[in-house]
Enquirer: 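Have a look at the structure that comes next, please.
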Amino acid sequence: MEPITWLLTKIDPVLIYPYRWFENPMLGWWVGTFVLALWASLLGELTLAVAYRLNRKHIARNLDQTSYYHHQSLKAKQAGDEKAYKGINKLANEEFGKSFFLFMAMGMASLWPAFIAAAWLNMRFSEIVFVLPKWAGGLELNFIAPFIVLYIVARMIFSKLKPYIPILNQVSKPNRQMDS
């Protein structure tokens with residue numbers, strides 16, 4: 001048995017539970033899939049919080065270096081030293097790039113639960129097809145399109161709640177954390 005299949009089989013009883021809250025199978029599917037999206041969002045946000053916690057000194061150092069080089073380049077520009085300005089500005093851009101790509105990597109790391117959720121949905125509901133009305137093209141969509149929509153809604157909910165959740169608000173207030 002593949003490791004992913006083993007994992008999906010082990011977490012199946014927990015993930016399927018919300019799908020059984022309602023007798024109506026369509027309502028159960030939508031509520032269950034929304035709960036799955038919420039769980040994936042929460043786990044992703046927790047992953048991001050841990051990644052931020054592990055990297056916060058490095059992030060703070062990069063942002064401090066970026067700010068330092070930026071201010072130095074402005075001083076060189078004001079002094080009329082174009083060569084120094086370009087050289088220091090290049091260093092500032094390099095430091096900014098390091099910070100930017102570190103934040104991007106951490107953000108991407110928060111998405112892994114959505115892929116596990118999609119794999120589980122495929123294992124459980126791969127045969128489900130949603131047919132759009134004729135005025136919408138009459139297209140047939142599999143389970144992934146509704147999940148993506150619900151996942152985006154769940155992420156939006158977490159973005160609003162994040163400042164109020166102690167473990168997660170570290171990432172939503174990076175400057176305050178870096179000062180401490």
Side-chain angles (χ1 to χ4, degrees), residues 2-19 21 28-71 91-126 128 141-180:
E2 291 182 40
I4 188 71
T5 306
W6 177 86
L7 173 66
L8 297 175
T9 304
K10 291 296 181 189
I11 63 175
D12 182 69
V14 174
L15 299 182
I16 198 66
Y17 183 71
Y19 287 82
W21 289 348
W29 191 88
W30 283 100
V31 169
T33 303
F34 184 64
V35 170
L36 179 66
L38 286 171
W39 285 343
S41 295
L42 175 62
L43 193 50
E45 290 293 333
L46 290 172
T47 302
L48 181 58
V50 168
Y52 176 79
R53 185 94 172 143
L54 293 173
N55 290 297
R56 70 182 177 176
K57 288 180 184 174
H58 185 69
I59 292 167
R61 188 173 51 247
N62 279 357
L63 292 176
D64 287 345
Q65 283 293 105
T66 301
S67 179
Y68 172 77
Y69 287 135
H70 174 70
H71 291 299
L91 293 172
N93 286 333
E94 287 174 7
E95 289 300 322
F96 174 77
K98 289 176 190 177
S99 298
F100 175 79
F101 285 108
L102 180 57
F103 276 117
M104 289 295 292
M106 289 188 330
M108 291 294 116
S110 72
L111 297 176
W112 72 268
F115 292 104
I116 299 294
W120 179 80
L121 282 169
N122 185 52
M123 181 181 88
R124 270 298 191 152
F125 302 108
S126 62
I128 290 181
L141 304 173
N142 67 6
F143 64 89
I144 200 69
F147 173 70
I148 289 171
V149 170
L150 293 173
Y151 181 74
I152 290 169
V153 170
R155 294 294 294 210
M156 289 169 38
I157 289 170
F158 272 103
S159 74
K160 299 291 184 195
L161 296 177
K162 201 170 169 179
Y164 307 104
I165 302 173
I167 295 170
L168 302 180
N169 70 2
Q170 298 174 21
V171 181
S172 64
K173 300 177 187 172
N175 292 333
R176 212 172 91 193
Q177 287 295 327
M178 285 183 212
D179 295 337
S180 58

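All figures in this text were calculated on a predicted structure; none of them were measured in a lab. Just so you know, residue 1 is the first one in the sequence shown, and it goes up from there.
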Enquirer: CD1/Ile152 to CD1/Ile157 distance, rounded to the nearest 0.5 angstrom?
Expert: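 The CD1 atom of Ile157 is 12.5 Å from CD1 of Ile152, to the nearest 0.5 Å.
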Enquirer: Please give me the minimum heavy-atom distance between Pro113 and Gly44, naming the atom from each residue.
Expert: CG-N, 3.5 Å
Enquirer: Can you find a heavy atom in the side chain of Ser41 that is under 4.5 Å from one in the side chain of Tyr151?
Expert: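 Yes - at least one pair of side-chain heavy atoms lies under 4.5 Å apart.
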Enquirer: So, do Asp64 and Tyr69 sit near enough that their side-chain heavy atoms are less than 4.5 Å apart?
Expert: no
Enquirer: Ile116 and Leu8: side chain to side chain contact (heavy atoms under 4.5 Å, CB included), yes or no, with the steps?
Expert: CA-CA 8 Å; Ile116 299 294; Leu8 297 175; 4.1 Å; yes
Enquirer: Looking at every non-hydrogen atom in both residues, tell me the closest pair between Leu43 and Trp112 and how far apart they are.
Expert: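 Smallest interatomic distance, heavy atoms only, reads CD2-CH2, 3.6 Å.
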Enquirer: Check whether any side-chain N or O of Thr66 sits under 3.5 Å from a backbone N or O of Phe96 as a donor-acceptor pair, and report yes or no.
Expert: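 Present.
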Enquirer: Please name the pair of heavy atoms, one in Phe34 and one in Ala154, separated by the smallest distance, quoted to 0.1 Å.
Expert: CE1-N, 4.3 Å
Enquirer: Using 0.5 Å steps for rounding, measure from the CD1 atom of Ile148 to the CG atom of Leu141.
Expert: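 With rounding to 0.5 Å, CD1 (Ile148) is 10.0 Å from CG (Leu141).
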Enquirer: Ignoring hydrogens, what is the shortest heavy-atom contact between Leu111 and Phe115? Give both atom names and the distance.
Expert: O-CD1, 3.4 Å
Enquirer: Minimum heavy-atom separation for Pro18 and Trp39, please, with both atom names.
Expert: CG-CH2, 3.6 Å
Enquirer: Do Ser110 and Arg155 touch side chain to side chain, with heavy atoms closer than 4.5 Å?
Expert: yes
Enquirer: Could you give me the CA-CA distance, side-chain angles and deciding distance for Phe125 and Asn142, then say whether side chain to side chain contact (heavy atoms under 4.5 Å, CB included) is met?
Expert: CA-CA 9 Å; Phe125 302 108; Asn142 67 6; over 6 Å; no
Enquirer: Once rounded to the nearest 0.5 Å, what's the spacing between atom CE of Met106 and atom CZ of Arg53?
Expert: 13.0 Å
Enquirer: Is a side-chain N or O of Ser67 found less than 3.5 angstrom from the main chain of Leu63, in a donor-acceptor match?
Expert: no
Enquirer: Measure the spacing between CD1 of Ile4 and CE of Met123 and express it to the nearest 0.5 Å.
Expert: 9.5 Å
Enquirer: Taking all non-hydrogen atoms of both residues into account, name the closest pair between Phe143 and Ala118 and its distance.
Expert: CE1-O, 3.6 Å
Enquirer: Would you mind reporting whether Leu48 and Glu45 have side-chain heavy atoms less than 4.5 Å apart?
Expert: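 Sidechains of Leu48 and Glu45: in contact.
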Enquirer: For Leu121 and Leu36: C-alpha separation, side-chain torsions, deciding distance, then whether side chain to side chain contact (heavy atoms under 4.5 Å, CB included) applies.
Expert: CA-CA 9 Å; Leu121 282 169; Leu36 179 66; 3.6 Å; yes
Enquirer: Taking the six-membered ring for Trp, are Tyr19 and Trp120 ring centroids under 6.0 Å apart?
Expert: yes
